[in-house]
Amino acid sequence: MKVNRIRAKIFNMVSTGVIDEPINRFYDAISIIALGLNLFAAFAITFDYMEEHYKGLLLAIEAVTTFFFAVDYVLRFITANELYPKETEGRAILKYVLSFSGIIDLLSFLPYYLPFFFPAGGAAFRLFRVARILRLFRINSYYDQLNVITEVLSSKKQQLLASGFIILILMMAASLCMYSVEHEAQPDVFENAFSGIWWSTSTLLTVGYGDIYPVTIPGKIMGIIISFLGVGMVAIPTGIISAGFVEQYQKLKTVGQYAEEENIHFIRVKLSENDNWVGKKIIEIGIPKDVMIVAIYRRNDTIIPRGTTVFEKGDIVIMCAEKIKDVQPIDLKEITINDGHSWNGRAIKDLDISRQSYIFMIRRRGKAIIPRGTVVIKAGDVVLLYEKHDKDTLK
């Protein structure tokens, strides 16, 4: 159990975005600084002036930061079971090693050390160091808006694959047609049907390098037609991605964002059988004057709330209220519960927490749970905790 707790703490430390303890925030800061310095050294050493005057310093930065990447990989390797708690330890390690993140972590440091054992492949190994740049995607854990790109590509993948397939067909057709009309005039350039692939690719993608081009009149006419088609074909995936961004941002334009613009808060409450509101009319419950019931969802129907409307069990009540601007923002903590965490398997009422601390919500598999005393905390839960300090007073 002690080993599991230590491993859970290490996992929380190396997991980007888990900031419930100072050591975790410190490790995230060190990771970002190390990556930034490593990329800076990789770019700076390509300048003659920097290489001449600061080569030793840049190589030292690369050595230290690459060693940090190696240590980070080892820590993630030994805590893979925390990342995949449902798998056996061996399968969890294998799953991490073969995952996209695991491969990027491995390529972040391994090519740096391979030339010591295989000097002949030094140039090829340096090429794989580019994988370190992909570690920047871990910043997604801090900026959710960056996830919009991934969501758009994922939601539009079928359309993008279809447009790519159309471009591939058109590219092969263009190559075959150009071979038919240009082979006799340029036998060395258009040797066979596939020799025009480079020309069709550069033309359809509107690059047009000019190293291969038609010289016959039919070939030039066909080249003009294919160029026009290329503009339209490239515009298809561009339009799909643009439309995906528009749709995604429209989805994000939810009640929450509307509330930010209008300076109001929305809250949703589901009534259970024992709630005091069940069986009462809206005019009888006595809500504060600054709070308004906006709608009631009842068995897939939306009910317009009137004073005589009677609440029933299972109703979802939507309420809104104006924000209080002069209240100091609440400082919250987010704690991810792993198998080795001391809270795992314990009821909230049995936890030894400060009187100045209050658990106000638990997120479990995408659902919010009201933290009653009998609720048992499980591995995988995210506990939202508020700690009151002396300075937490109204202005």
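Note: hydrogens, waters and symmetry copies are ignored here, and every other heavy atom, side chains too, is used.
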Q | Pairwise distance CE(Met172) to CG(Leu176) - rounded to 0.5 angstrom | A | 8.5 Å

Q: Provide the closest heavy-atom pair for Ser272 versus Val278 in the form atom of the first, atom of the second, distance.
A: O-CG2, 3.2 Å

**Q.** From CG (Asp72) to OG1 (Thr65), nearest 0.5 Å
**A.** 12.0 Å

**Q.** Interatomic spacing from OG in Ser175 to CZ in Phe190 - rounded to 0.5 Å
**A.** 8.0 Å

Q) Less than 4.5 Å apart, any side-chain heavy atom of Leu271 and any of Val269? A) yes

(Q) Counting C-beta onward and ignoring hydrogens, is there a side-chain heavy-atom pair between Val97 and Phe77 closer than 4.5 Å? (A) yes

Q | Distance, nearest 0.5 Å, that separates CD1 of Ile359 from CD1 of Ile370 | A | 13.0 Å

**Q.** Steps toward side chain to side chain contact (heavy atoms under 4.5 Å, CB included) verdict (Ile285, Phe311)
**A.** CA-CA 10 Å; Ile285 61 175; Phe311 291 111; 3.7 Å; yes

Q. What do the steps show when you test Tyr96 against Asp105 for side chain to side chain contact (heavy atoms under 4.5 Å, CB included), and what is the final call?
A. CA-CA 10 Å; Tyr96 166 71; Asp105 291 340; 2.7 Å; yes

Q: Determine the minimum heavy-atom distance between Thr374 and Lys349, stating which atoms define it.
A: CG2-NZ, 4.5 Å

(Q) Test of understanding: clusters of I, L, V, M, F, W, Y form through side-chain heavy atoms closer than 4.5 Å, transitively. Do Met178 and Leu170 belong to the same one? (A) yes

(Q) Starting from Val71, can I reach Ile6 by hopping between I/L/V/M/F/W/Y residues whose side chains sit under 4.5 Å apart? (A) yes

Q. Is it the case that more than 12 heavy atoms not belonging to Tyr54 sit under 6.0 Å from its OH atom?
A. no

**Q.** Validation row: Ile377, Ile362 side chains within 4.5 angstrom (heavy atoms)
**A.** yes

(Q) Applying side chain to side chain contact (heavy atoms under 4.5 Å, CB included) to Arg298 and Glu312, what does each step give before you reach the verdict? (A) CA-CA 8 Å; Arg298 180 179 298 167; Glu312 296 182 4; 3.5 Å; yes

Q: Begin from the C-alpha positions of Met319 and Val294 and carry the test side chain to side chain contact (heavy atoms under 4.5 Å, CB included) through to its verdict.
A: CA-CA 5 Å; Met319 296 180 290; Val294 179; 5.9 Å; no

Q: In sequence, state the C-alpha distance, the side-chain angles, and the governing distance for Lys9 and Glu82, and then conclude on salt bridge (charged side-chain N to carboxylate O under 4.0 Å, His left out).
A: CA-CA 10 Å; Lys9 287 183 177 293; Glu82 297 291 326; over 6 Å; no

Q) What distance do Gln159 atom CD and Lys156 atom NZ have between them, rounded to the nearest 0.5 Å? A) 5.0 Å

(Q) Is it the case that the side chain of Arg363 and the backbone of Asp381 share a donor-acceptor pair, with hydrogens and angles ignored and the cut-off at 3.5 Å? (A) no

Q) Can you tell if the side chain of Asn38 reaches within under 4.5 Å of the side chain of Glu62, non-hydrogen atoms only? A) yes

Q) Just wondering, do Thr336 and Asn338 contact through their side chains at under 4.5 Å, heavy atoms? A) yes

Q. Is Ile267 reachable from Ile287 through a run of I, L, V, M, F, W or Y residues, each pair having side-chain heavy atoms under 4.5 Å apart?
A. yes

Q. If Ile, Leu, Val, Met, Phe, Trp and Tyr residues are connected whenever their side-chain heavy atoms lie under 4.5 Å apart, and connections chain through other members, are Trp277 and Ile283 in the same group?
A. no

**Q.** Between OG on residue Ser200 and CE on residue Met171, distance to nearest 0.5 Å
**A.** 5.5 Å

**Q.** Any donor-acceptor N/O pair, Asp28 side chain to Arg25 backbone, under 3.5 Å
**A.** no

Q) Quick check: does any side chain N or O of His183 sit under 3.5 Å from a backbone N or O of Tyr179, one acting as donor and the other as acceptor? A) no

Q | Sub-4.5 Å side-chain heavy-atom contact between Tyr73 and Ile78 | A | no

Q.
Main chain of Thr216, side chain of Glu182: is a donor-acceptor contact present, judged purely on distance under 3.5 Å?
A. yes

(Q) Is there a path of hydrophobic side-chain contacts, each under 4.5 Å between heavy atoms of I/L/V/M/F/W/Y residues, joining Trp198 to Met222? (A) yes

Q. If we only count heavy atoms from C-beta on, is the Val375 to Ile369 side-chain gap below 4.5 Å?
A. yes

Q: Determine yes or no for a side-chain-to-main-chain donor-acceptor pair under 3.5 angstrom, with Glu284 supplying the side chain and Lys281 the backbone.
A: yes

Q: Give a yes or no on whether Met361 atom CE has more than 12 heavy-atom contacts from other residues, nucleotides or ligands under 6.0 Å away.
A: yes

Q. Which atom pair, heavy atoms only, marks the closest approach of Pro305 to Ile296?
A. CB-CD1, 4.4 Å

Q) Any side-chain heavy-atom pair from Ile337 and Val383 closer than 4.5 angstrom? A) yes

Q. Which heavy atom in Phe68 sits nearest to a heavy atom in Ala34, and how many Å separate them?
A. CD2-CB, 3.8 Å

Q: Search all heavy atoms of Thr46 against all heavy atoms of Ala42 and return the closest pair with its distance.
A: CG2-O, 3.6 Å

Q: Determine the minimum heavy-atom distance between Leu160 and Ser163, stating which atoms define it.
A: O-OG, 2.8 Å

